[in-house]
Amino acid sequence: MTEKAYKKKHLTSFQLIILGFAGVILFGTVLLMLPFSTLDKVTTPFHDALFTATSAVCVTGLVVKDTGSYWSMAGQAIILALIQIGGLGVVTVAASVSLLSGRKISLMQRSTMQDAISAPKVGGIVRLTRFILKGTFLIEAAGVLLLLPVFLPDYGGKGIWMSVFHSISAFCNAGFDILGTADNPFPSLTGYSGNALVNVGIMLLIIVGGIGFLTWDDIYTNKLNFKRYRMQSKIILMTTAGLILFPAFFFFACDLKTLSAGKRLLAAVFQSVTTRTAGFNTIDISKMSEASKAVMILLMLVGGSPGSTAGGMKTTTFTVLSLNAIATFRSQENAGAFGRRLECHVIKNAATIAMLYFTLFFCGGIAISVYEDLPLLDCLYEAASAVGTVGLTLGITPGLHVFSQNVLIILMYLGRVGGLTLIYAVFSGRNKGNAKLPLEKITVG
């Protein structure tokens, strides 16, 4: 036997990422099944617990049980812990534990962390992880302070927990809320549709969580010197601004006409921000026009930015494909932005990611529509919300059969770990050289 035959096979970083997410989901499922996790002290069926744990770890927000009226304080704390782990990334959390315990981080662990947070290089990954942790907890603490003046008068001492829960849920782009009651389940933030402090605070948390950790690093390091930002950060910030402003104008002009001008503007901007990543809503989504729902589906599929708490095919993927289309229309050989050329493999990977997400979304929506005999647009909306890990719903998810809910579970999981991550994991990392998709080293998925 050759020495090679005895060589131990190690899991690739991509395999560790997908197995890490799956392991945390299963552990969370077991905890949520236990009686102490519910208000009525009953055992939660495996499937309901699995759906909730998957939605929390994948920071989606779709639920089959109202979070506020079904789960106990312990159950809500478990869900919040799963959201925090899922938002930061399982690998980042594991590495953070190692850092806090004083243990050294191996080269393999550094490489896995690099893949998990879409960092351009292994060098400086420990410093970046520390920066991410400090930034996360400072921003979430600031979110708590913003929400306390609203929730404390409304809920008394419980308002502290409400502020903590919604701050973390918003920053992690999860969309879970605990405002529901037995008489009014699944309300999201509709009770605060006219409250500017809640709306603005939640929107800021969503945006900061969704632009990506590397973009934070650029802003922190280079301040307002935009020219010195990484190309990825420039694209993310410009695309994020466009994907907030244009849809907000569309929603304001074409929908929400029953609201006063001030509330209409607030609702339009809020829905534009939350639709791509977070899943909170301040209005009844089911009453919006079909045109607005179609726009929201596209926004949900685009999602947030690489290396962030958000899901979706990512803003960079959308921009790379858009720039390539513009170059084609102009008969230009190469696409580019900010004076830089996009390499061919970047465009190829962006097209692959977009194809994967659109295929998952379309097949999932059709499967649910056929099985449930429901309107296709409604089912496509839920499918887009799941694969984009958004969490917005037209209200049909809790009433779906187990088969359809399983479809949503699969979409949430694949949407969070990323299509290319799964492919690279299946093929044992043989394509790992293309995983960073440099654009400077821009990650499009």
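Worth knowing before you read on, the calculation uses all heavy atoms, side chains too, and leaves out hydrogens, waters and symmetry mates. Bear in mind the structure is a predicted one, so any value in this text is a computation, not a measurement.
Annotation: Lys41, atom NZ; neighbour count of heavy atoms from other residues, nucleotides and ligands within 6.0 Å is above 12. Under a cut-off of 6.0 angstrom, the local environment of NE2 in His47 is crowded, with over 12 non-hydrogen atoms contributed by other residues, nucleotides or ligands. For Phe36, the CZ atom counts as densely surrounded, since its 6.0 Å shell holds more than 12 non-hydrogen atoms of other residues, nucleotides or ligands. By the neighbour-count criterion of 12 heavy atoms within 6.0 Å, atom OH of Tyr155 is densely surrounded, having more than that number from other residues, nucleotides or ligands. More than 12 heavy atoms of other residues, nucleotides or ligands shown are found within 6.0 angstrom of CE on Met33. Within a 6.0 Å radius of CZ in Phe131, other residues, nucleotides and ligands contribute more than 12 heavy atoms. Counting non-hydrogen atoms of other residues, nucleotides and ligands closer than 6.0 Å to CZ of Phe251 gives a total above 12.
For the pair Asp40 (side chain) and Val42 (backbone), a donor-acceptor distance under 3.5 Å is absent. For the pair Gln271 (side chain) and Thr282 (backbone), a donor-acceptor distance under 3.5 Å is present. Side-chain atoms of Ser272 never come within 3.5 Å of backbone atoms of Ala268 as a donor-acceptor pair (strictly under, hydrogens ignored). Put simply, the side chain of Ser385 never gets that close to the backbone of Tyr381: no donor and acceptor are under 3.5 Å apart. A distance-only check finds a donor-acceptor pair linking the side chain of Thr328 to the backbone of Asn324 [under 3.5 Å]. With hydrogens and angles disregarded, no donor-acceptor distance shorter than 3.5 Å links the side chain of Asp255 to the backbone of Met288. For the pair Ser55 (side chain) and Gly61 (backbone), a donor-acceptor distance under 3.5 Å is present. Put simply, the side chain of Asn184 never gets that close to the backbone of Gly180: no donor and acceptor are under 3.5 Å apart. Formation of a donor-acceptor pair under 3.5 Å by the Glu372 side chain with backbone atoms of His401 is found in this model. In this structure a side-chain-to-backbone donor-acceptor pair under 3.5 Å is missing from Thr60 to Thr389.
Taking the centre and axis of the six-membered ring of Phe21, the NZ or CZ atom of Arg416 falls outside the cone set by 45° and 6.0 Å.
Side-chain contact check for Thr215 versus Ser233: some heavy-atom pair is nearer than 4.5 Å. Contact annotation: the side chain of Thr190 approaches that of Pro187 to within less than 4.5 Å [non-hydrogen atoms, C-beta and beyond]. Using a 4.5 Å heavy-atom cutoff, the side chains of Lys314 and Ile353 are not in contact. With a 4.5 Å cut-off on side-chain heavy atoms, Leu204 and Ile139 do not count as touching. At a threshold of 4.5 Å between non-hydrogen side-chain atoms, the residues Val390 and Arg276 do not count as touching. By the 4.5 Å heavy-atom criterion applied to side chains, Leu39 and Trp71 are not counted as neighbours. The side-chain heavy atoms of Thr315 and Pro306, taken from C-beta on, include a pair separated by under 4.5 Å.
For Ala278 against Ile206, the heavy-atom pair with the smallest separation is CB-CD1, 3.3 Å. Taking each heavy atom of Leu214 and Gln232 in turn, the nearest pair found is CD1-NE2, 3.9 Å. The two atoms that bring Ser188 and Gly279 nearest to each other are OG-O, 4.4 Å, heavy atoms only. Shown here for Val64 and Asp48, the closest heavy-atom pair between the two residues is CG2-OD1, 3.8 Å. Ala384 and Ile297 get closest at one heavy-atom pair: CB-CG2, 3.9 Å. The two atoms that bring Ile396 and Asp378 nearest to each other are CD1-O, 3.9 Å, heavy atoms only.
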Where do Phe51 and Leu62 land on the side chain to side chain contact (heavy atoms under 4.5 Å, CB included) test, with the steps shown first?
CA-CA 8 Å; Phe51 192 100; Leu62 289 174; 4.0 Å; yes
Leu32 and Ile78: side chain to side chain contact (heavy atoms under 4.5 Å, CB included), yes or no, with the steps?
CA-CA 7 Å; Leu32 290 175; Ile78 292 168; 3.9 Å; yes
Please walk me through it: do Thr240 and Ser305 pass side chain to side chain contact (heavy atoms under 4.5 Å, CB included)?
CA-CA 8 Å; Thr240 298; Ser305 301; 4.2 Å; yes
Start with the C-alpha distance between Thr317 and Tyr357, add both sets of side-chain angles, then the distance that settles side chain to side chain contact (heavy atoms under 4.5 Å, CB included), and finish with yes or no.
CA-CA 11 Å; Thr317 300; Tyr357 274 89; over 6 Å; no
Mind running ring pair (Phe, Tyr, Trp, His ring centres under 6.0 Å) on Phe151 and Tyr192 for me, showing each step along the way?
CA-CA 11 Å; Phe151 289 131; Tyr192 294 94; 5.5 Å; yes
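The existence of a salt bridge linking Arg230 and Asp217 is confirmed by a sub-4.0 Å separation between a basic side-chain nitrogen and an acidic carboxylate oxygen.
Of the N and O atoms on the side chains of Thr181 and Ser69, not one donor lies less than 3.5 Å from an acceptor on the other residue. No side-chain donor-acceptor contact under 3.5 Å links Ser167 and Glu140. In this structure, a donor-acceptor pair under 3.5 Å is absent between the side chains of Gln76 and Thr67.
Here Trp216 and Tyr229 keep their ring centres 6.0 angstrom or further from each other.
Ring geometry, His166 versus Phe280: the interplanar angle falls from 30° to 60°, so the pair is classed tilted.
Evaluated for a side chain to side chain contact (heavy atoms under 4.5 Å, CB included) with Ile79, the options Leu31, Thr52, Val57, Ile178 yield exactly one hit, Thr52. The side chain to side chain contact (heavy atoms under 4.5 Å, CB included) test with Phe361 is passed by exactly one of Ile366, Leu356, Val387: Val387.
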